[in-house]
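Here the structure comes first, spelled out in structure tokens, and everything after it is commentary.
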2 protein chains.
Amino acid sequence: MVRSRASAVTPFQTASHDHDNCVETALDRAAQLCAARGARLTELRRQVLRLVWGGHEPVGAYAVLESLKRSHPGAAPPTVYRALDFLIEHGLIHRIESLNAYVGCSRPERPHVSQFLICGKCGAAAELDDPAIARAVLRRAAELGFVVEQQTIELSGLCPRCRARPDA
Amino acid sequence: MVRSRASAVTPFQTASHDHDNCVETALDRAAQLCAARGARLTELRRQVLRLVWGGHEPVGAYAVLESLKRSHPGAAPPTVYRALDFLIEHGLIHRIESLNAYVGCSRPERPHVSQFLICGKCGAAAELDDPAIARAVLRRAAELGFVVEQQTIELSGLCPRCRARPDA
DNA sequence: TCGATGATTGTTATAATATAACGCATCGAG
DNA sequence: CTCGATGCGTTATATTATAACAATCATCGA
């Protein structure tokens with residue numbers, strides 16, 4: 001319970017974060033989800049998902065491409081973009097509009113609106129699913145007669161860890 | 001008072017919206033603001049501001065460039081991007097991240113966080129300055145020890161007018 | 001098993017958005 | 001007037017994303 005409480009307190013990763021395990025978990029969940037939906041998580045898509053999950057920093061499509069080429073020499077931009085499109089459609093990753101970059105989704109099981117906190121120093125992006133924010137947004141939109149189909153909420157600033165260490 | 005109440009009810013423009021007047025007002029306010037700040041609203045920047053204010057739909061940098069070339073034949077991408085940067089710095093326009101486009105700021109006088117409602121059908125973008133949304137966002141970030149420096153809040157969907165007219 | 005069908009991937013080219021770098025012009029403070 | 005900073009012109013290039021079409025693969029019914 002201590003661990004789950006900690007992750008409820010901050011969506012940012014701590015120093016002790018076991019990222020290998022984190023990635024494997026994400027890949028397993030993706031496989032399960034796709035199986036349940038009859039979607040094909042091919043080796044290529046799985047590989048791209050793994051690369052996007054390389055860290056908790058959003059990663060650009062061309063960075064993914066460069067990495068992908070190691071395992072997949074013939075890869076070209078469409079190779080990556082098509083895989084990214086698939087992963088987004090299935091809620092396995094999110095696109096960060098303000099960075100033109102992509103990041104793994106922490107809760108792909110259920111559809112959700114998410115908000116991102118993006119640290120300008122370390123680059124980490126933490127995904128929130130804050131009902132209060134979503135409610136405030138939907139409430140105001142409803143008052144104006146606007147039907148919200150998609151929310152892009154990205155907050156950039158300084159994460160707790162970087163704020164604590166004011167070094168270069 | 002009827003007009004101002006109407007604009008308080010919806011930030012979307014109505015059919016009777018006098019856009020020429022709207023643009024001139026925006027340009028005047030920009031001139032005043034820049035004068036007050038000792039910033040130089042040159043003819044080029046003024047022209048770009050006018051073009052961004054061409055409608056209430058966000059407009060791409062290259063669309064601005066194409067229009068700009070009429071009055072300014074030698075214009076090239078840096079011409080436009082430099083002007084856009086200046087206008088953003090001074091809060092005269094906003095960049096819409098999810099569209100890679102730019103739109104005039106409706107309240108440049110004071111710094112503010114804004115939220116945008118973007119209609120996927122007519123393309124119009126309405127700028128909000130909703131304290132409840134800003135509060136919800138800042139509250140949650142503060143709980144997590146995150147210092148927000150910039151907010152990107154863009155809601156796409158259907159505006160009231162387009163919702164009322166379900167034509168093609 | 002076979003072939004039809006649709007989904008996936010390969011491949012080449014190009015579109016769309018944005019910036020680097022350098023030099024000249026212009027403005028305004030002193 | 002001169003200097004330094006700012007603005008702008010110009011060329012080239014970086015970065016992000018998509019179009020279009022061919023080849024391959026998976027699946028499923030005949």
Side-chain angles (χ1 to χ4, degrees), chain A residues 30-31 34-35 37-52 57-90 92-103 118 123 152 154, chain B residues 30-31 34-52 57-90 92-103 123 152 154:
Chain A
C34 287
R37 293 175 189 167
R40 292 168 54 195
L41 184 61
T42 63
E43 188 48 36
L44 177 63
R45 289 163 173 173
R46 185 182 167 82
Q47 190 65 20
V48 168
L49 179 57
R50 183 193 292 280
L51 291 169
V52 171
E57 299 82 37
V59 55
Y62 279 75
V64 170
L65 176 57
E66 280 318 295
S67 309
L68 184 62
K69 279 179 177 168
R70 282 200 266 285
S71 69
H72 218 100
T79 314
V80 167
Y81 281 102
R82 287 191 287 227
L84 292 173
D85 286 347
F86 171 89
L87 296 170
I88 288 170
E89 268 172 27
H90 289 279
L92 299 170
I93 64 174
H94 292 289
R95 174 175 160 84
I96 305 295
E97 298 290 346
S98 58
L99 299 176
N100 294 334
Y102 306 82
V103 70
I118 304 161
T152 299
E154 298 169 7
Chain B
C34 288
R37 292 174 189 168
R40 292 168 56 195
L41 185 62
T42 63
E43 188 48 37
L44 178 63
R45 288 163 175 173
R46 185 183 168 82
Q47 191 64 23
V48 169
L49 179 56
R50 183 193 295 278
L51 292 169
V52 171
E57 300 83 36
V59 55
Y62 280 74
V64 170
L65 176 56
E66 281 318 294
S67 308
L68 184 62
K69 279 179 177 168
R70 282 199 266 285
S71 68
H72 218 99
T79 313
V80 167
Y81 280 103
R82 287 191 288 228
L84 293 173
D85 286 347
F86 170 89
L87 297 169
I88 289 172
E89 267 171 28
H90 289 279
L92 299 170
I93 64 174
H94 292 287
R95 174 176 160 84
I96 306 295
E97 299 291 346
S98 58
L99 298 175
N100 295 333
Y102 306 82
V103 71
T152 300
E154 298 169 7

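So you know, we letter chains A, B, ... as the sequences are listed, proteins then strands, and number each from 1.
The distance between atom CG of B:Leu68 and atom P of D:dC8, rounded to the nearest whole Å, is 11 Å. Here the P atom of nucleotide D:dC8 and the CG atom of B:Leu65 are 15 Å apart, to the nearest Å. In this entry the distance linking CG of A:Leu44 with P of D:dA23 reads 20 Å, nearest Å. Going from atom CD1 of A:Ile96 over to atom C1' of D:dT16 covers 16 Å, rounded to whole Å. Between B:Glu97 atom CD and D:dT16 atom C1' the separation is 14 Å, expressed in whole Å. Atoms OH (A:Tyr102) and P (D:dT16) sit 9 Å apart, rounded to a whole Å. We find that OH of A:Tyr81 is positioned 16 Å from P of C:dA15, with the value rounded to whole Å. Following rounding to the nearest Å, B:Tyr62 (OH) and D:dT15 (C1') show an atom-to-atom distance of 11 Å.
Contact between the side-chain N/O atoms of B:Arg45 and the OP1/OP2 oxygens of D:dG7 is found at a separation under 4.0 Å. Contact annotation: A:Arg95 reaches the phosphate of D:dA17 (side-chain N/O to OP1 or OP2, under 4.0 Å). A sub-4.0 Å separation between OP1 or OP2 of C:dG10 and a side-chain N or O of A:His72 is present.
A donor-acceptor pair under 3.5 Å links the side-chain atoms of B:Arg45 to the main chain of B:Arg40, judged by distance alone.
Both B:Thr42 and B:Asn100 lie close to DNA chain D; mapped to their nearest nucleotides by heavy-atom distance, the more 5′-ward contact belongs to B:Thr42. When each of B:Ala61 and A:Thr79 is assigned the nucleotide of DNA chain C with its nearest heavy atom, A:Thr79 is the one assigned upstream, toward the 5' end.
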(request) Decide side chain to side chain contact (heavy atoms under 4.5 Å, CB included) for A:Leu41 and A:Phe86; before the verdict, give the C-alpha distance in whole Å, the side-chain angles of both, and the deciding distance to 0.1 Å. (result) CA-CA 9 Å; A:Leu41 184 61; A:Phe86 171 89; 4.2 Å; yes

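The side chain of B:Arg82 sits closest to C:dA21 out of D:dT11, C:dA21, D:dG7. Listed nucleotides: C:dA18, C:dT19, D:dT6. Nearest to the side chain of B:Pro78: C:dT19.
B:Thr152 and B:Glu97 share no donor-acceptor pair across their side chains, judged by distance under 3.5 Å alone.
Rounding to the nearest 0.5 angstrom, the gap separating the NE2 atom in A:His90 from the CG atom in A:Asp85 is 11.0 Å. In this structure, CD on A:Glu154 lies 6.5 Å from CG on A:Leu99, to the nearest 0.5 angstrom.
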